[in-house]
Amino acid sequence: MTENIPFIDLKTQYAELKQSIDGRIQTVLDHGQYIMGPEVKEMEVKLAAYVGVRHCVSVSSGTEALLIALMALGVGPGDEVITSPFTFAATAEVIALVGATPVFVDIEPDTFNINCDLVEQAITSKTKAIIPVSLYGQTADMQALETISIQYGIPIVEDAAQSLGATHDGRRSGGLSSFGCVSFFPSKPLGCYGDGGALFTDSDELAKIAREIRVHGQERRYIHKRIGVGGRMDTLQCAVVLAKLERFDWEVERRNFMGQRYLDLLKSNLSIGLATVRPQNTCVWAQFTVRVDRRQAVVDALKAHGIPTAVHYPIPLHKQEAYSAISRVASSLAEAERAANTVFSLPLHPYLAEETQNFIARSLIDAVAEG
Ligand SMILES: *Cc1c(COP(=O)(O)O)cnc(C)c1O
């Protein structure tokens with residue numbers, strides 16, 4: 001049996017939401033306020049309420065959200081920022097862009113998230129921020145990080161690019177730290193039809209600074225109080241997010257369900273390594289990621305069955321040419337390296353049929369047995 005299974009199904013989602021999305025886009029075309037139109041504010045108000053914080057500042061991408069967060073916190077040359085080496089490059093890129101040094105500590109093998117015990121050991125007098133990544137849709141131990149944050153006076157910036165809709169201790173990802181940074185890249189749990197992102201914060205002061213940085217550091221028109229960026233999110237993209245928000249609760253529920261269902265289908269096979277969702281967390285499964293030995297053979301066997309896969313991420317950042325010389329390694333990174341060599345992700349999206357999921361799980365179990 002071969003099928004043509006999409007890794008992420010944006011076409012079915014559009015078909016389901018067509019009326020709403022088309023209507024929202026048409027409204028923008030009619031009023032013509034393409035920059036900072038009414039949909040921008042509407043989205044910010046709705047998302048701040050959703051995440052449960054006072055402020056949402058929409059920006060041009062998840063990367064820009066992280067960059068603006070570090071700029072707003074005053075991170076700069078000579079400073080250090082502690083983060084995970086097992087993430088998309090954007091997390092460390094923004095640290096380097098503000099002139100600071102990325103400091104890498106290892107991950108937990110079962111959640112793929114930063115190991116908080118190692119974070120405390122990596123703190124020096126230069127540490128100006130900590131960026132935990134809520135990888136694959138589950139937050140790190142934000143409670144432990146909050147304790148460290150208070151004790152040392154170091155702000156936390158959550159890279160929540162993959163985790164909007166997830167919760168930690170009943171609170172939503174994005175609203176758990178000084179800044180939460182979200183991406184609306186099309187394949188993320190809440191995606192627009194291009195680039196987009198947002199910062200979340202409870203601080204009136206940090207929100208004001210982030211809003212100024214977003215528009216070239218302007219306090220008001222042509223009054224530049226600080227260095228900023230051109231970082232606004234388009235009105236059209238906000239309109240798409242607003243349309244998709246109507247169905248987001250259902251999609252998050254569906255993601256929780258499909259992720260748990262994969263775990264149930266695969267857990268009896270001890271050759272397939274599965275992620276753990278911590279009891280205080282819910283996971284939005286931006287990726288459903290497993291570990292196997294001999295990954296290439298398994299991925300090839302699945303491909304022969306029409307099942308697409310992806311590796312997030314094949315090379316940890318401390319091994320990347322751009323970062324190896326300018327970063328500091330503060331612990332053994334053996335778990336990050338082992339994860340990079342063994343992980344791959346299976347198709348998971350809210351519109352995945354259970355029958356298709358059964359087929360994927362069966363094919364994976366067969367592929368692992370063949371090897
Ligand atoms: C997608 C992603 C980003 C960057 O978001 P963009 O909107 O593509 O700039 C940053 N960090 C992580 C972990 C991501 O998955």
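Atoms within a ligand are numbered from 1 in the order they appear, just like the ligands themselves.
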Sub-4.0 Å atoms of ligand 1 with respect to non-hydrogen atoms of Gly62: 5 (O), 6 (P), 7 (O), 9 (O)
N or O pair under 3.5 Å between Asp195 and ligand 1: no
Audit row: Glu212, Arg226, side chain to side chain contact (heavy atoms under 4.5 Å, CB included) steps and yes/no: CA-CA 8 Å; Glu212 289 176 8; Arg226 56 181 84 245; 3.1 Å; yes
Protein residue, atom and distance nearest to atom 1 (C) of ligand 1, heavy-atom basis: Lys188 NZ, 1.5 Å
Contact check: Phe88 vs ligand 1, nitrogen or oxygen atoms, below 3.5 angstrom: no
Region of Tyr313 that comes within reach of ligand 1 [heavy atoms, distance under 4.0 Å]: side chain
Heavy atom of the protein closest to atom 4 (C) of ligand 1 (residue, atom name, distance): Thr63 OG1, 3.5 Å
Sub-4.0 Å atoms of ligand 1 with respect to non-hydrogen atoms of Ser183: 5 (O), 6 (P), 7 (O)
Nearest-contact summary for atom 13 (C) of ligand 1 - protein heavy atom, Å: Asp159 OD2, 3.5 Å
Joint cluster assignment, Met142 & Ile150, ILVMFWY side-chain distance < 4.5 Å: no
Close-contact set for ligand 1 against Thr87 heavy atoms, below 4.0 Å: 13 (C)
Contact check, side chains of Asn358 and Leu265, non-hydrogen atoms, under 4.5 Å: yes
Side chain, backbone, both or neither: the part of Ala90 lying under 4.0 Å from ligand 1 by heavy atom: side chain
Atoms of ligand 1 close to Val133 [distance to a heavy atom under 4.0 angstrom, numbered from 1]: 13 (C)
Polar side chain donor-acceptor pair, Thr289 to Ser345, under 3.5 angstrom: yes
Shared hydrophobic cluster for Leu242 and Tyr14 (ILVMFWY, side-chain gaps under 4.5 Å): no
Sub-4.0 Å atoms of ligand 1 with respect to non-hydrogen atoms of Ser61: 7 (O), 9 (O)
Side chain to side chain, Glu64 and Leu67, heavy atoms closer than 4.5 Å: yes
CA sep, side-chain torsions, deciding dist, call: Phe104, Tyr323, ring pair (Phe, Tyr, Trp, His ring centres under 6.0 Å): CA-CA 10 Å; Phe104 295 124; Tyr323 298 102; 7.2 Å; no
Atoms in ligand 1 flagged as close to Ala161, the criterion being non-hydrogen separation under 4.0 Å: 2 (C), 3 (C), 10 (C), 11 (N), 12 (C), 14 (C), 15 (O)
Heavy atoms of other groups near Asp293 CG, more than 12 under 6.0 Å: no
Test of proximity, Gln162 against ligand 1: N or O pairs below 3.5 Å: yes
Ring geometry between Tyr351 and Trp250 (parallel below 30°, tilted from 30 to 60°, perpendicular above 60°): tilted
In one Ile/Leu/Val/Met/Phe/Trp/Tyr side-chain cluster, 4.5 Å: Val59, Phe179: yes
Nearest-contact summary for atom 8 (O) of ligand 1 - protein heavy atom, Å: Phe185 CD1, 3.9 Å
